[in-house]
Amino acid sequence: MSEKKIPVLDLKPQYQAIKAEIQDAIARVLDSGQFIMGPDVKLFEQEVATYLGVKHAIGVNSGTDALIIGLRALGIGEGDEVITTPFSFFATAESISNVGAIPVFVDVEADSFNINPKAIKEKITPRTKAILPVHLYGNPAAMGQIMDIAAEHGLKVVEDCAQSFGAKYYGTCSNCNGACQESTRTGISNKHTGTIGDVGAYSFFPSKNLGAYGDGGLVVTNNDQVAEVARMLRVHGAKKKYHNEVLGYNSRLDTLQAAILRVKLPHIDAWNDGRRRVAKLYNELLANVDGIVIPELADGHVFHQYTIRILEGKRDAVQQYLAEQGISTMIYYPVPQDRLPVYKGQYEANPVSDLLAGEVLSLPIWSEMESQLIAHIVNTLKKIMGFPIN
Ligand SMILES: *Cc1c(COP(=O)(O)O)cnc(C)c1O
């Protein structure tokens, strides 16, 4: 096909479609001269809270800061244990460690790539304070079961939504035909991820589904008290200027980024629909290829990544072949968090997470991706897998 290298993510078509509006928004902020906590921050917070269906939205500097501030706003700190997934970007466990708490890893399910709710209970101790699920690749975690366990044991729930902006939890589970009883928990169904637990933490890193043109993040909560503390923590622990009450951070969402996000927010559902269209086509074209496991098309999944598994130890060779053919792919994540040098020797194995680290391969995906390009990638993949191509 084309001589050009195919990236894993192409943000240019999106920018071209909204270029004039973005430039107007940037010019408006520059003309106003208000770069810190200008009016666009407040307006974006109101608009995003309405979109997500949550009472409070607090703009911060990054998704990592959103996790840290969210945890601290819930009173989680020194010596507390927080149950989370080993299979995520390090910001998840790093945030737990950075507030002085201890990440306790519960292995994932291979089908969803998310924390296995059935394995959570055995890791609860008297020191456990919270569960921190990640909606990995944009696939909602099993919030029904997680919220039940949290209620039973008096735990807080912090949702890492860095990869799941716009995703909705429907309480359906496609793996087991309802055997897990996820679907009986209708009270929380049809809600955006991040609005089910006590706190949701979002990232606006440029490559995320709703991306700024720089760093940015968001804390969301329905709890007035938690929102008040989060607002205070993002500006040096002060409710009133020069009356700092606790040790906080300098972690505001830039006015420029807020103005950009206000332009992008009304498009997010269409962009996520585009990602689902791409994932669905990939799944159709890759069904029944020996040695490849395709991801579940779960309801509400927004496909921040389209991630397949390549079995029989062939993943690295396949990735190299695709690269030689000009097709970029990524491995999220080659090393599970519990295996990182920073935690060396501290954790026991999580076999599913370890297995996935050796099998996962994320293929190119963006909303505007053309069907022809998807077919080309699939055919190249089938070729290396020894699958006949018609
Ligand atoms: C991107 C990401 C983060 C961190 O977000 P930043 O805005 O880069 O700080 C946290 N958790 C997960 C799962 C992520 O993908």
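Just so you know, ligand 1 is whichever comes first in the structure, and atom 1 is the first atom listed for that ligand.
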Please assess Val302 against Arg275 for the test side chain to side chain contact (heavy atoms under 4.5 Å, CB included), listing each intermediate value before the final yes or no. CA-CA 7 Å; Val302 291; Arg275 288 174 173 275; 5.6 Å; no
Determine, stepwise, if the pair Leu363 / Tyr282 fulfils side chain to side chain contact (heavy atoms under 4.5 Å, CB included). CA-CA 9 Å; Leu363 303 183; Tyr282 266 131; 3.7 Å; yes
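Partner His192 forms a ring pair (Phe, Tyr, Trp, His ring centres under 6.0 Å) with one of Phe165, Tyr202, Tyr170, Tyr51 and no other, that one being Tyr51.
Those atoms of ligand 1 with a heavy atom of Ser62 less than 4.0 angstrom away are 7 (O), 9 (O). The Val134 neighbourhood of ligand 1 comprises atoms 13 (C), with distances under 4.0 Å to a heavy atom of that residue. Atom numbering of ligand 1 starts at 1 in the shown order; those under 4.0 Å from a heavy atom of Ser203 are 5 (O), 6 (P), 7 (O). Against a heavy-atom cut-off of under 4.0 Å, Ala91 is close to the following atoms of ligand 1: 3 (C), 4 (C), 10 (C).
Hydrophobic clustering of Ile, Leu, Val, Met, Phe, Trp and Tyr side chains at less than 4.5 Å, counting indirect connections, unites Leu9 with Tyr333.
Ranked by closest heavy atom to atom 11 (N) of ligand 1, the top entry among Asp160, Val60, Asp65 is Asp160.
Remark: ligand 1 and Gly63 share an N or O pair separated by less than 3.5 Å (distance only, no angle test). On a distance-only criterion, Asp215 and ligand 1 share no N/O pair closer than 3.5 Å.
Salt-bridge check for Arg234 with Glu45: passed, with a basic side-chain N closer than 4.0 Å to an acidic carboxylate O. The pair Asp299-Lys168 fails the salt-bridge criterion, with no side-chain N (NZ, NE, NH1 or NH2) lying under 4.0 Å from an Asp/Glu carboxylate O. A salt bridge links Glu81 to Arg127: at least one charged side-chain nitrogen sits closer than 4.0 Å to a carboxylate oxygen.
Of the protein's non-hydrogen atoms, the one nearest atom 2 (C) of ligand 1 is Lys208 NZ, 2.6 Å. The protein heavy atom nearest to atom 15 (O) of ligand 1 is Gln163 NE2, 2.8 Å. When only non-hydrogen protein atoms are considered, atom 4 (C) of ligand 1 lies nearest to Thr64 OG1, 3.5 Å.
Counting heavy atoms under 4.0 Å from ligand 1, residue Ala162 touches it through the side chain alone.
You'll find the ring centres of Phe205 and Phe89 outside the 6.0 Å limit.
Contact analysis puts Ser88 in contact with ligand 1, with a non-hydrogen atom separation below 4.0 angstrom.
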